[in-house]
Structure formats: structure tokens, C-alpha cells
Chemist: 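Got a structure for you, written out below as C-alpha cells; questions coming shortly.
Chain naming here is simple, since letters A, B, ... match the order of the sequence lines and numbering starts at 1 in each. Because the structure is predicted, anything quoted here is derived from the model rather than measured. Side chains included, hydrogens not; waters and symmetry mates left out as well; all remaining heavy atoms used.
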Amino acid sequence: MVDHLLSGFVLLLSWQALLAALVGLSIGIVIGAIPGLGPTIAIAVMLPITFAMPFVPAMMLVLGIYQGGIYGGSISAILYNIPGTAAASATVFDGFPLAQKGKARRALKAALYASVVGNGLSCLVLLLVAAPLASLALRFGPPETAMLMLFALIVVGAVSGRSLFKGLIAMMAGLLFSTVGLDPVLGSSRFSFDLRILDSGIALIPVLVGLFAVSEILVQVGERDPTASGAVADTRQNAADDVFGWLELWRMRMTVFLSAVIGLVIGALPGIGSTAPAFLSYELAKHRSKTPQEFGHGAIEGVVAPETANNAVTGGALIPALALAIPGDATTAVIIGALMLQGLTPGPFLFQNNGPEVYAILIGVILQTIPTIIVGLILLPVAVKLLSVPRTVIFPAVLVMCVVGAYATNYNVFDVGVMVAAGFVGFGFRRCGYPLPPLLIGFILGAPFEAAVRQSLLMSQGDLSIFVSRPISLVFIALTLAMIAVSLRVARRMPVGG
Amino acid sequence: MEKASAVFFIAFGLLVAFVVIPLEVDGGPIIPGQPGPAFLPKLLALGIALAAALHLLFTLLARPAGPGPAPDEAAASPPLPGGAARRWLAALAMALYAPAILLAGFFAASAAACAAMMLIFGERRVLTIVPVAVGVPGATWLFASQALNITLP
């Protein structure tokens, strides 16, 4: 591990990697600040660009967008009462009231510092935990891998969105779409509809871009411009105490620590994402506060807690993504796509086969906390300016860029059609309240899941007991059944909706 | 919407399982102990139908939904008058985009699509539409072809 750490550090010390990190952070912060866009869309659109780049700069670009985007969502949350990303939904409760009182800079700096600390802490844990977890995963054979993926798929389906059944339907739909192409064992054609191009399956990038970016354009075109409501904080009017410093953040260290733990632990669970940790940490901070009545009216801890948690998710979500090839959320699913584009296979062998490269990016995401502060402070005014670019310009421009991204996958216009179709599917799902992350994660995990199941059955000559006769596999089956039981119980108690 | 979507997925699952799969999934050689190529797709299709049926049952039996948005979605903006029509037009523009690229090439198709989308979004200033509709595809083409060596049609 030490050798790989040192080699990784050397790989990181190139001007291309540093430049890519800064560019990624900048893009992420700006895109994250625009309601309707977000790091997932930004990474998906930039993916074809990373194909032409060396590995470390490519991943620094992608991870920079990821880290910057989560923080960027807080900017419009504080200034416009509109979360730029779903993860910033809890930040509006106290961020916007602070801005209305003329303390926008206080709120923005608190969000920035909290984001950096949350991100840094979780990435440090990632550095320590990922490789040992990958080593543990080497003991996994096809049955263990299959059952782990089944557990991840069920968790994603069960906890995404507000309805158990909708999440499971979305997950199974994603798995079904992944079966298009040739059967992995027998080579038979499935769902090609006499189109040879479909024998190689549906490409990931057009689906990614379509599900998130194109569907968002369709959502936005039918809704009022959220920034035209007039409810904008006046950043010119600053109160005398419109300041925030590291000392004040240190005084809230217990809130920061607990929020980081919540984000890290929940972020490591597949499918949950960064929104739930943000709300949980907000509620915990309010519960622990000596002045809970201030929450919702401009309590600075009401900004610090959710921003620490939602940024701590970045490291947590990368743990299963790198070590086990299980995406923690939709954005890490896209990041897995970026790794695959570079010719690397996430999972237990990633650290063995590409140790220096992987450690380079792990060290990079930790060190990125420093430029995040600098870039964040510099870009705050720019991001605020960009919010004034009308969406009548932004979204058509995004569509054109999406088309380039989709086309560049295989240099085939067919993939542009796939992107548009995925956009329609994504829009339909969203309108009917079906969550998109399980659909995407099902699509990504479908092929390796089926391969693991088929390999297991080949090993056992069709005997299903192979899945229950191996201890680790049995543990995952038990966890899966427990998750289903808990989810069914919760579903029976909850009102139907969403 | 709940019931309609549930019925849709029941129909979708059953259609895929009993109509599409027999037509579109080749049987392949039989290996003892190995499920065939249709096994997983059929299982998933039937799983979708079953989950949708259970969802429909729970919807019919359960109490109405409470207020408030889903916690995992940002607050939605109020709908725009004529929003549904705009969505249909946007969908049409997107659907025609790929064939337009084949017929007219990337730049012309993108300029037309960009202008169309701006109009659909409500932009009416010609001095904004023309530069953006020309500039964005032009800049994108330049960046893609010169910086990334991506040859666009």
C-alpha cells in the first residue's frame, strides 16, 4: 500500500492533473449552482472528453466536478431559495433566511468551509478503507458477487424515492434494458429487433445523458422559470456581522463531526445518495442545539450541518464504487462509467492491477480540498452571475452538448436516438414519480450481475444451493431478505404517493 | 397517475414476457443446468408486472398521500401555461434532431434544434436567438473537432 501511495503521489504531481482538478472544480461549482443541472449531468456531458485524456487528469476532472457540484448546489439554495441540487434541499431552510437578513456571504462561506471539511474527512476515510475492503472482496467468488449485487439492487430499489414498489420497478426496468444485446454465455441475440447495432447492447453514455440531462430539459420546458419569482436575496446589502471564519466552524466541531459521520456511513450504502444524510444531519443539529427555535430562521448551524453531510457522501459513495464496483448514487454510477471508459474495471482487482493510479486519485480528492476553498471563493461571484443567464439559452445549449457526447460514444447517430429515447423514458418515470437512480444502477449492474449468476450456475451445474452453501453469499441473502421485510413493513404504514 | 402507471407497467411486463421475448430472444443451445437466454428477461418482465400489481393493490387499499414534496427531489416550480404543449413540441424537436443530423449534418441540425428549443422555452429576441443558435453549435463543433478530434457528421 505504501509503495502504491508514493507512486500515486508522483503521478498526481503533473500540471495536467492539477489543471484538470481546477477546471473540474470550477465547472462543478458553476454547474451545481444552476437549478436543474447538477454534477451528474455535468460529468455525463464531459465523459466523452475524458476519453481523450490520460487517466489521472481525466479522473481529477470528473471528481472535481463531483466535489464542486455538491457545494455549488448550495449557492442557489442560499441566494434564490432554490436548491441547485437535491442534496442542497436542506440548506435552503436557514441559508436563504440568512441571505435575506443581509448575511449572504456568511452563509455562503459557511457552506463552503463545511463542504470542504465534510469532503476532506470522508475522502481520508476512503483512502484508509478502500484498499482493505477491496482485499476482502477478493475472497468473493461469483456466488458472493452475485448476492452482493442483488443486495445492492434491492437496497437501491427499496430506499430510492418514496415508494418501495416504484423503486423496484425502476430497478428491474434498468436490469431489463441491460439484457439488450447478446446473451453473455450463449451468444444468442436478445431484443435486437433485427438491428445489428443492438447486438452490442445499449451504450451507457447516451442512456446516462438522456435519463438525466434530456429528461431535465423536458421537465424545465413546461415549468415556470424558478429564478423569475422575485424571491432573490439582495447580496449588495450586507450586515455588519456578515462574516464567517474557521474559528467559528471549530466551535461547531461536534456538529461537523456528527454530520460527516452521517454522510460517510449513509453515502456508502448504495442508492441512498446525499439528500437523506443532509436532512438527517439538519434534524440532529437542531435537536442538539441550545437554540433550536432559531433553526429555519437563519441559524448558521442549519447551513453547516447539511452541507457537511452532503459533501461527506462523496467519499462514502466512492468506497463501494471503487472497491466493489457498486455505485453509491447516480453520480458515482456515472463515475464508474468514466473509469470504464479509461479501460479500468472497478472492483476488487482495481487496487491490485492499477494501484498507483487509484491512489493518485484518492490522494487527489483529499488534496482538492485546498483548491476548493480558493476556487470557491473566487467563483462565488461568477456563479451568481451565471444564475442570471436565462434558461432559454442554457438548456438549448446543454442539449447540443449532450448530442455531441452521445454521438462521440460510437460515432453513430443511432446513439443520439438512444439518448433522446432515454430522455423520454426518464421524463415519463419522473412525471409518474418513479426514481431514476435505481433505473440507472440496474442498467449498469445488469450485465455483471447476470454474468455472476450464470458463472455460479456453471460452477454448480445448475444447483441453486451454491448461493446458500457459501457463508458470505448466505449473509447477503439474509440481508436482502431483511431489507425486503423492513421495506414492506414501512410501505404498509406509509400513505401512497410520490 | 398512480393507478395509470401501475396498469401500464402490468401491461408492459406481460407484453414483454409473453409476446416480445418469444419473438425477439433466440433460444440458443441448451446447456444442462444453465438457464436459457430468455430466463432473466422473462423473470424481470414478470417481476415488473408483479411489482406493479402489488403497487396497484396497495394504492387501492391505502389512505391518500400526505402533503409535501418527495424529499429526494428539489421543489418543483409551478407549471407554465401551455406547458404540456411546449413539452410535446420539445419532444418533437428532439425526436427530429437525429434524423436532421443524418440529412443536414451536425451544424445545420444543431442550429435549427437550438433555435427551435429557444423558441419553445419562450425566447423571442431575435438578437439572442440567432447568435446563440449559430454560436453554440459552432463553438461545440470547433471544440469537438479541434481539441478532441471528434469528427462530427
Chemist: Given a strict heavy-atom distance threshold of 4.5 Å, which part of A:V403 is in contact with chain B: side chain, backbone, both, or neither?
Modeler: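 Only the side chain of A:V403 comes within 4.5 Å of chain B.
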Chemist: Heavy-atom pairs under 4.5 Å with chain A: which of B:G122, B:P153, B:P137 has the most?
Modeler: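 Counting heavy-atom pairs under 4.5 Å, the top option is B:P153.
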Chemist: Picking from A:V221, A:I217, A:T392, what satisfies side chain to side chain contact (heavy atoms under 4.5 Å, CB included) with B:I120?
Modeler: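 With B:I120 as partner, A:V221, A:I217, A:T392 yield a single side chain to side chain contact (heavy atoms under 4.5 Å, CB included), made by A:V221.
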Chemist: At a 4.5 Å cut-off on heavy atoms, which part of B:R124 comes close to chain A: side chain, backbone, both, or neither?
Modeler: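 Neither the backbone nor the side chain of B:R124 comes within 4.5 Å of chain A.
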Chemist: Say you draw a straight line from CE of B:M117 to CD of B:E123; how long is it, rounded to the nearest 0.5 Å?
Modeler: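 With rounding to 0.5 Å, CE (B:M117) is 13.0 Å from CD (B:E123).
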Chemist: Name the member of B:I129, B:L40, B:I21, B:V16 that forms the most heavy-atom pairs with chain A at distances under 4.5 Å.
Modeler: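 Greatest number of close heavy-atom pairs with chain A: B:L40.
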Chemist: Checking B:T140 against chain A: side chain, backbone, both or neither under 4.5 Å from a heavy atom?
Modeler: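 For B:T140, the contact with chain A is made by the side chain alone.
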Chemist: Are B:S110 and B:Y97 linked by a side-chain donor-acceptor pair shorter than 3.5 Å?
Modeler: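 Yes, B:Y97 and B:S110 have a side-chain donor paired with an acceptor closer than 3.5 Å.
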Chemist: Aromatic rings A:Y434 and A:F429: how do their planes relate, parallel, tilted or perpendicular, breaks at 30° and 60°?
Modeler: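 Rings of A:Y434 and A:F429: perpendicular, over 60°.
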Chemist: Looking at A:V416, A:L399, A:V453, which one has more heavy-atom pairs under 4.5 Å with chain B than the rest?
Modeler: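 The answer is A:L399.
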Chemist: Need one label for A:T179: side chain, backbone, both or neither, based on atoms under 4.5 Å from any heavy atom in chain B.
Modeler: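 For A:T179, side-chain heavy atoms alone lie under 4.5 Å from chain B.
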Chemist: Where does A:L182 contact chain B at under 4.5 Å (heavy atoms): side chain, backbone, both or neither?
Modeler: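 For A:L182, there is no contact with chain B at all, as no heavy atom is under 4.5 Å.
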Chemist: Report which part of A:F191 has an atom under 4.5 Å of a heavy atom belonging to chain B: side chain, backbone, both, or neither.
Modeler: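 For A:F191, heavy atoms of backbone and side chain both lie under 4.5 Å from chain B.
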Chemist: Between B:K42 and B:E24, does a salt bridge (Lys or Arg N to Asp or Glu O under 4.0 Å) hold up when you go through it step by step?
Modeler: CA-CA 12 Å; B:K42 194 161 190 173; B:E24 294 297 331; over 6 Å; no
Chemist: Quick check for you: among A:V413, A:V214, A:L168, which has the greatest number of heavy-atom pairs under 4.5 Å with chain B?
Modeler: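 Most heavy-atom pairs within the cutoff with chain B belong to A:V413.
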Chemist: Would you mind checking if A:K166 and B:E2 are paired as a salt bridge, meaning a charged N to carboxylate O distance below 4.0 Å?
Modeler: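 Salt bridge between B:E2 and A:K166, a charged N being under 4.0 Å from a carboxylate O: yes.
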Chemist: Checking A:S215 against A:L436 for the side chain to side chain contact (heavy atoms under 4.5 Å, CB included) test, could you report, in this order, the C-alpha distance in whole Å, the side-chain angles of both residues, the deciding distance, and whether it holds?
Modeler: CA-CA 10 Å; A:S215 72; A:L436 290 183; 4.2 Å; yes
Chemist: I'd like to verify something: which residue of A:M53, A:R454, A:M401 has the highest number of heavy-atom pairs under 4.5 Å with chain B?
Modeler: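 Option with the top pair count is A:R454.
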Chemist: Could you walk me through whether A:L198 and A:F414 satisfy the side chain to side chain contact (heavy atoms under 4.5 Å, CB included) test, starting with their C-alpha distance in whole Å, then the side-chain angles of each, then the deciding distance to 0.1 Å, before giving a yes or no?
Modeler: CA-CA 10 Å; A:L198 281 178; A:F414 180 80; 3.9 Å; yes
Chemist: Where does B:I101 contact chain A at under 4.5 Å (heavy atoms): side chain, backbone, both or neither?
Modeler: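 Just its side chain gets close to chain A.
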Chemist: Check whether A:V420 gets within reach of chain B through its side chain, its backbone, both or neither, counting any heavy atom under 4.5 Å.
Modeler: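 The answer is the side chain of A:V420.
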Chemist: CG of A:L195: more than 12 outside heavy atoms within 6.0 angstrom?
Modeler: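 More than 12 within 6.0 Å, yes.
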Chemist: Among B:A91, B:A90, B:A113, which residue has the highest count of heavy-atom pairs closer than 4.5 Å to chain A?
Modeler: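 Winner by heavy-atom pair count: B:A91.
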Chemist: Would B:R87 and A:R431 count as a side chain to side chain contact (heavy atoms under 4.5 Å, CB included) here? Give the steps.
Modeler: CA-CA 12 Å; B:R87 286 204 174 109; A:R431 286 294 285 179; 3.6 Å; yes
Chemist: Using non-hydrogen atoms and a 4.5 Å limit, figure out which bit of A:F427 sits close to chain B: side chain, backbone, both or neither.
Modeler: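 Interface part for A:F427: side chain.
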Chemist: Of the backbone (N, CA, C, O) and the side chain (C-beta and beyond), which part of A:Y407 lies under 4.5 Å from a heavy atom of chain B, both, or neither?
Modeler: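 Only the side chain of A:Y407 comes within 4.5 Å of chain B.
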Chemist: Mind checking whether B:F12 and B:F9 have parallel, tilted or perpendicular rings, split at 30° and 60°?
Modeler: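 B:F12 vs B:F9 ring planes: perpendicular.
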Chemist: Count the heavy-atom pairs under 4.5 Å between each of B:V132, B:L54, B:V20 and chain A, then report the option with the highest count.
Modeler: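 It is B:L54.
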